[in-house]
Novice: 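My questions will all concern the structure given below.
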Amino acid sequence: MKAYLCREFGPIDSHKVEEIDNPIPVDHEVLINVHAAGVAFPDVLVVQGLYQIKPDFPFSPGGEFAGVVHSIGNKVKLWNVGDRVIGFKGSGGFSEQAICNEYNIMPLPESMDYVSGSIFPLNYGTSIHAFKQRAELQAKETVLIMGAAGGLGITAIHVAKALGATVIAAASSQEKLSLCKAQGADELILYSRDNMDKESQKGFSDQIKALTNKQGVDVVFDPVGGAYSEPALRAMAWKGRYLVIGFTSSIPSIPLNLALLKGCQIVGVFWGNFCVKEPLVNTANFKDLFDMFEEGKIKPFVVKTYPLEKTGYAIQLLAKREAIGKIAIKIRD
Ligand SMILES: NC(=O)c1ccc[n+]([C@@H]2O[C@H](COP(=O)([O-])OP(=O)(O)OC[C@H]3O[C@@H](n4cnc5c(N)ncnc54)[C@H](OP(=O)(O)O)[C@@H]3O)[C@@H](O)[C@H]2O)c1
C-alpha cells in the first residue's frame, strides 16, 4: 500500500509517499481502508520531532481519518468488516490503510461523508471540551476565537454558536475573516500578520473592548499564542476564562498580574489527555456533537482536498500559515 512516511524527524519536504507492506491487525486492532484524513497543525510538528508525542519510526502522520473496516484482530468485539468508521489515534492516517485500536474508533454517521468524518474528532472534540468542561460557557456569553480561520478555529466558531454564544473571530487577513463570517462568526477583527508590535497589540485589545461595550470578552479561545495572547488577556471581562489551546505562533510569557486584575482564569485545554483520563465525559461530548450534526447546528467544512501524493504540500500550507480553513487528504472515493 502507499503511505506518506516519516522514517526520521526532519523538514516536511524530506518525507515522501512510499510503497510499503499492508499492515495485518492483531488482538484488539482494526485495519481500516482510509477514504480521507484530516490535516492538522500537529502534523506540522510531529514529522519534525517538535510535538509532545513522538511515534515509533517509520510512521505516517494524520491523526484522524474516516473509512471502512477491512479486517479485524481476533479479540475485536466492537467492529465488523464493512463498518463505516472514524479513527483517531494521533498518527497513521495518511495511508491507504491504517491500523487503529478498536477503542479509538467511532461509527461514521450514515448521513456524514468520509471527508467530513475525517476532520471530526480532533477539532470538534477539542472545541466542545474547551467550551463545556474548561470554560463552562453560558449561552449569550461572548467568545473571542483567535486564528479563527484555521481548522480548529472554524470548528470553535461552529461549537460556540451551537452553544448560544456571540462569536468574535480574529484572523490575519480579510480573506480569512470572510470565511469566518460565512461560517457563522458575529463580529470580525483583523490583526497584524507579521508586525504584532506594542501598537498593534494595543489596537487588538481596543477592538475587542469596542465590540464588547468596554466590558471585555467572557471567553478567549487561543490556539495561536505568541504576541497575540497578552492583548487578548488584557481585553477579558471580569471572571473571564482564557483557554490555552495551542501555540502556532510561539509560546508566550504572560504577566500573571493580569489574571488578578481581571479576576479571570487561565485554563489549559489538552483534549488528547482528557480522552484518556475522562473517557465517559468525552463519549458524552461526542453524543452531543453528533446530535448537533444531525440537527444541522454544526456542519463540518473542508475548504480543499488533496490526493495522497500531495500530503507534504498540504502540511506545508499549514506550516507557512497559508491554509485558509480546513484541508483534508482524499485517498479513495
Ligand atoms: N489543546 C488541544 O487539545 C489541541 C487540540 C487540537 C489542536 N491544538 C492546537 O491548536 C493549534 C491550531 O491547530 P490547527 O490544526 O487549527 O492549525 P491551522 O489550521 O494551521 O490554524 C492555525 C492558525 O494559527 C494562526 N497562526 C498564527 N501564527 C502562525 C504561524 N507562525 N504559523 C502558522 N499558523 C499561525 C493562523 O491564523 P492567522 O494567520 O489568522 O493568525 C492559522 O490559521 C495547533 O497549535 C494545535 O497543535 C490543540
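Start at 1 and go down the list; that is how both ligands and their atoms are numbered.
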Novice: Measure from the ring center of F221 to the ring center of F131 and say whether it is less than 6.0 Å.
Specialist: yes
Novice: Output yes when E18 and K16 qualify as a salt bridge under the 4.0 Å nitrogen-oxygen rule, no when they do not.
Specialist: no
Novice: For the pair E64 and K326, evaluate salt bridge (Lys or Arg N to Asp or Glu O under 4.0 Å) and give the outcome as yes or no after the intermediate values.
Specialist: CA-CA 13 Å; E64 52 181 358; K326 185 75 178 178; 3.6 Å; yes
Novice: Between V269 and ligand 1, does any nitrogen or oxygen pair lie at a separation below 3.5 Å?
Specialist: yes
Novice: Considering the heavy atoms of F270, write down every atom of ligand 1 situated less than 4.0 Å from one of them.
Specialist: 3 (O)
Novice: For ligand 1, which atoms sit closer than 4.0 Å to a heavy atom of P223?
Specialist: 10 (O), 11 (C), 12 (C), 45 (O)
Novice: Strictly under 6.0 Å, is that where the ring centroids of F290 and F120 end up?
Specialist: yes
Novice: I need the nearest protein heavy-atom contact for atom 16 (O) of ligand 1: residue, atom name and distance, please.
Specialist: L152 N, 2.8 Å
Novice: Would you call the rings of F204 and Y228 parallel, tilted or perpendicular, taking 30° and 60° as the class edges?
Specialist: perpendicular
Novice: Might you confirm whether atom CD of E199 has over 12 heavy atoms from other residues, nucleotides or ligands at distances under 6.0 Å?
Specialist: no
Novice: Should the pair D288-K132 be classified as a salt bridge under the 4.0 Å nitrogen-to-oxygen rule?
Specialist: yes
Novice: Where is the nearest protein heavy atom to atom 38 (P) of ligand 1: which residue, which atom, and how far?
Specialist: S172 OG, 3.4 Å
Novice: Among all protein heavy atoms, pick out the one at the shortest distance from atom 33 (C) of ligand 1; state its residue, atom name and that distance to 0.1 Å.
Specialist: L318 O, 3.6 Å
Novice: Please work out whether any backbone atom (N, CA, C, O) or any side-chain heavy atom from C-beta onward of V224 is under 4.0 Å from ligand 1, and answer side chain, backbone, both or neither.
Specialist: side chain
Novice: Report yes or no: is the cationic atom of K299 (NZ for Lys, CZ for Arg) under 6.0 Å from the centre of the six-membered ring of F301, at an angle within 45° of the ring normal?
Specialist: no
Novice: With respect to G151, determine whether any N or O atom, backbone or side chain, lies less than 3.5 Å from an N or O atom of ligand 1.
Specialist: yes
Novice: Which of the listed options, Y228, Y191, F247, holds the heavy atom that is closest to atom 45 (O) of ligand 1?
Specialist: F247
Novice: Which atoms of ligand 1 are found less than 4.0 Å from any heavy atom of A40?
Specialist: 15 (O)
Novice: Is the closest heavy-atom distance from Y51 to ligand 1 below 4.0 Å?
Specialist: no
Novice: To the nearest 0.1 Å, how far is atom 5 (C) of ligand 1 from its closest protein heavy atom, and which atom is that?
Specialist: T126 OG1, 3.2 Å
Novice: Give the single entry among I119, I245, D43 that approaches atom 9 (C) of ligand 1 most closely by any heavy atom.
Specialist: I245
Novice: How about F9 and F57: are their ring centres within less than 6.0 Å of each other?
Specialist: yes
Novice: Between K326 and ligand 1, does any nitrogen or oxygen pair lie at a separation below 3.5 Å?
Specialist: no
Novice: For A171, is at least one N or O under 3.5 Å away from an N or O on ligand 1?
Specialist: no
Novice: Counting heavy atoms only, which of L45, T248, N123 is nearest atom 32 (N) of ligand 1?
Specialist: T248
Novice: Starting from atom 21 (O) of ligand 1, what is the nearest protein heavy atom, named by residue and atom, and what distance separates them?
Specialist: G150 CA, 3.3 Å
Novice: Does this structure show an ion pair linking D291 with K297, if we count only N-O contacts that are shorter than 4.0 Å?
Specialist: no
Novice: Between L122 and ligand 1, which part of the residue brings a heavy atom under 4.0 Å of the ligand: side chain, backbone, both or neither?
Specialist: side chain
Novice: Does ligand 1 have an atom under 4.0 Å from some heavy atom of R193?
Specialist: no
Novice: Can you sort out which atoms of ligand 1 are near G147, meaning under 4.0 Å from one of its heavy atoms?
Specialist: 37 (O)
Novice: To the nearest 0.5 angstrom, please state how far the CZ atom of F41 sits from the CG atom of L318.
Specialist: 7.0 Å
Novice: Can you tell me which residue and heavy atom of the protein come closest to atom 15 (O) of ligand 1, and the distance to 0.1 Å?
Specialist: F41 N, 3.0 Å
Novice: Which residue owns the protein heavy atom closest to atom 3 (O) of ligand 1, what's the atom, and how far is it?
Specialist: W271 N, 2.8 Å
Novice: Can a salt bridge be assigned to the pair K181 and E187 using a cut-off of 4.0 Å between side-chain N and carboxylate O?
Specialist: no
Novice: May I ask you to say whether K75 pairs ionically with E29, meaning some side-chain N is under 4.0 Å from a carboxylate O?
Specialist: no
Novice: Considering heavy atoms of the protein only, find what lies nearest to atom 42 (C) of ligand 1 and give residue, atom and distance to 0.1 Å.
Specialist: K176 NZ, 4.3 Å
Novice: List the steps, then state whether salt bridge (Lys or Arg N to Asp or Glu O under 4.0 Å) holds for K202 with E230.
Specialist: CA-CA 10 Å; K202 181 162 183 322; E230 188 176 323; over 6 Å; no
